[in-house]
Amino acid sequence: MRGWHKLETGRREAPAGSVRQPPRRAPPDEAQLLDTQRAFDSVAADYDGPRGNNELIQRMRLTLWDAVHSAAPPGARLLDLGCGTGIDALEFARRGFHVVATDWSPLMVERARARAAAAALQSRVTAMHLGVQQLDRLEGEFDGIYSNFGPLNCAPDLAAVAAECARLLRPGGSLVFSVMGRICPWELGHYALRGRFRRAGVRAARGATAVGMNRHTIWTRYYLPREFYRAFAEHFSLEGYRALSLFMPPPYLVDYYRRRRRWYERLGRLDDRLGALPLLRDMGDHFLIVMRRR
C-alpha cells in the first residue's frame, strides 16, 4: 500500500516472517481500509511503470535507499511496510539484505512476488499480504523497518503501528519512513494560482481525508514531522528528518520537470543541500524520518 502522488484530494471528480463521490464524513476504519485496498488493487498492474515510478519518484527513492543502507548492518533482515510492486524490496535484496515485503493490496503483493521471481530473488524477498494495521499477526525480529511514499499515512492508528514496530524491531534497530507531510509549498502555489483554494489547503485537514485515485478512494492522514514522531516517541529516539521534494516539484507535477530538466535539477541540488535544515525540513511533498529503537 503506497501513498500515490497523482492524487485529487477531497471530493471525487469521477463516478522471513510468518503470519500469526466519497462521503462527507469518513466511514469507519474498516470501510476506509477496504476503500484504500480497492484503489491500490486497481492500479497494481502498471504501478511500477510511470504511474508510480516516474523520474521524480525515482529521485526520492534514492534518498530512502541510501538512508536504509546506512542504517542497517550488512545482510540485515528488513521489513517493508507497504511494499507496492516490490521495487524497493528488490533493490535491497540486490544489496544483500533479506526483505519481508508486506502490503494491504493483494494485487500489489502478487506483482511483488512476480518481480522477485523474474529477478531470481525469491530467496531474499518474501512478499506477504498484510496491512500496516495487521502487524500484530507478524512474528520474528528485524534489524530495520522501512516504508516508502506514505503507506503509514493510511494507517488508522499510528500509535498501534509504532507499538508493533517496537515489538518487531531489535533494540538499536532503525525505522526509515517516507511520509506525506502537511506543508507542500509547490502544492499550495499550484492550486492557489488556479483558484482551487480548497484543494490547495487539503493537507491541513485533521483526520482521514478522501483522496481520489482511478475512480476509487484512498483515506489519507497528513502529518508534520513532530506530529508523526509523537506516536513513536515512547519506544524510539529521533535520529533526524529531512524534506523530500521541497524545491523540486512533487511527482504528480512531473510534466514541469520534463519541460525544463536542467533548471529543475538545480532545484534538486537545493533539496539535497538544504532539505535537512531547520524549518525547511518541515516542508515538502514528503519528509524522510529516521528513528532508532531504544
*Ser178 to Asn148 - nearest heavy-atom pair and separation*: CB-OD1, 3.3 Å
*Could you tell me whether Arg38 sits above the aromatic face of Phe40, with NZ or CZ closer than 6.0 angstrom to the six-membered ring centre and within 45 degrees of the axis?*
no
*Check: Val100 main-chain N/O paired with Asp80 side-chain donor or acceptor under 3.5 Å*: no
*Is it true that a side-chain atom of Arg294 and a backbone atom of Ala233 form a donor plus acceptor pair closer than 3.5 Å?*
yes
*Check Ser245 against Met60 and note the closest heavy-atom contact, atom names and distance.*
OG-SD, 3.4 Å
*Distance in Å, Leu169 CG paired with Phe142 CZ, rounded so as to fall on 0.5 Å steps*: 9.5 Å
*Could you walk me through whether Ile57 and Phe149 pass the side-chain contact (heavy atoms from CB on, under 4.5 Å) test, one step at a time?*
CA-CA 9 Å; Ile57 295 174; Phe149 296 118; 3.4 Å; yes
*asked:* Taking Met108's backbone N and O only, do any of them form a donor-acceptor pair with Arg113's side chain (distance below 3.5 Å, no angle check)?
replied: no
*Measure from NZ or CZ of Arg196 to the centre of the six-membered ring of Tyr191 and say whether it is under 6.0 Å with the direction within 45° of the ring axis.*
no
*Would you please test Ser174 and Arg292 for side-chain hydrogen bond (donor to acceptor under 3.5 Å, both in side chains) and show each step?*
CA-CA 4 Å; Ser174 293; Arg292 191 169 298 276; 3.2 Å; yes
*Backbone N/O of Leu246 and side chain of Asp271: donor-acceptor pair under 3.5 Å*: yes
*Any chance you could lay out the side-chain contact (heavy atoms from CB on, under 4.5 Å) test for Leu175 and Phe236, step after step, and finish with the verdict?*
CA-CA 9 Å; Leu175 303 180; Phe236 296 89; 3.5 Å; yes
_Quick check: do Thr36 and Leu33 have side-chain heavy atoms less than 4.5 Å from each other?_
no
*asked:* Between Val176 and Leu64, does the side-chain contact (heavy atoms from CB on, under 4.5 Å) criterion hold? Intermediate values first, please.
replied: CA-CA 7 Å; Val176 182; Leu64 179 129; 4.2 Å; yes
_Donor-acceptor pair, distance only, cut-off 3.5 Å: does the side chain of Arg242 make one with the backbone of Leu277?_
no
*Of all the heavy-atom pairs spanning Ile145 and Leu168, show the shortest one and how long it is.*
CD1-CB, 4.4 Å
_Determine whether a donor-acceptor pair (N or O, by modelled atom type, separation under 3.5 Å) exists between the side chain of Arg194 and the backbone of His190._
yes
*Worked verdict on Glu55 versus Arg261 for salt bridge (Lys or Arg N to Asp or Glu O under 4.0 Å)*: CA-CA 10 Å; Glu55 300 95 315; Arg261 289 176 186 265; 3.0 Å; yes
*asked:* Given 3.5 Å as the limit, does a donor-acceptor pair link the side chain of Arg124 with the main chain of Gly96, or not?
replied: yes
*asked:* Donor-acceptor pair, distance only, cut-off 3.5 Å: does the side chain of Arg293 make one with the backbone of Ala166?
replied: yes
*Could you check Asp272 against Arg269 for salt bridge (Lys or Arg N to Asp or Glu O under 4.0 Å), going step by step and ending with a plain yes or no?*
CA-CA 5 Å; Asp272 297 338; Arg269 288 192 285 273; over 6 Å; no
*Which atom names give the shortest non-hydrogen contact between Pro249 and Leu253, and what distance separates them?*
CB-CB, 4.0 Å
*Establish, yes or no, whether the cationic atom of Arg281 lies under 6.0 Å from the six-membered ring centre of Tyr241 and within 45° of the ring axis.*
yes
_Intermediate values then yes/no, ring-ring contact (aromatic ring centres under 6.0 Å, His included), Phe92 and His69_ = CA-CA 8 Å; Phe92 291 123; His69 193 103; 7.8 Å; no
*Would you say the side chain of Leu138 lies within less than 4.5 Å of the side chain of Met128, judging by non-hydrogen atoms?*
yes
*Applying side-chain hydrogen bond (donor to acceptor under 3.5 Å, both in side chains), run through Asp285 and Trp186 and close with a yes or a no.*
CA-CA 8 Å; Asp285 182 53; Trp186 264 95; over 6 Å; no
*asked:* For Tyr256 and Tyr264, take the angle between the two ring planes, folded into 0 to 90°, and tell me which bin it lands in: parallel under 30, tilted 30 to 60, perpendicular over 60.
replied: perpendicular
*Heavy atoms only: give me the nearest Phe97-Pro73 pair and the separation to one decimal.*
CE2-O, 3.2 Å
*Report yes or no: does Arg59 contribute a side-chain atom to a donor-acceptor pair with the main-chain N or O of Glu265 at less than 3.5 Å?*
no
*Are Glu227 and Tyr222 close enough that a side-chain donor and a side-chain acceptor fall under 3.5 Å?*
no
*Qualifying residues under ring-ring contact (aromatic ring centres under 6.0 Å, His included), relative to Tyr223, sequence neighbours excluded*: Phe228
*Salt-bridge test for Glu91 and Arg61: reply yes if a basic N is under 4.0 Å from a carboxylate O, no otherwise.*
no
All N/O donor-acceptor pairs, side-chain side in residues 150-159, below 3.5 Å, sequence neighbours left out:
unit_1 : atom_1 : unit_2 : atom_2 : d
Asn153 : OD1    : Met180 : N      : 2.9
Asn153 : ND2    : Met180 : O      : 3.0
Asn153 : ND2    : Arg221 : O      : 2.6
Asp157 : OD1    : Ala159 : N      : 3.3
Asp157 : OD1    : Ala160 : N      : 3.1

*Just by modelled atom types, is the Trp219 backbone N or O under 3.5 Å from a matching donor or acceptor in the Gln32 side chain?*
no
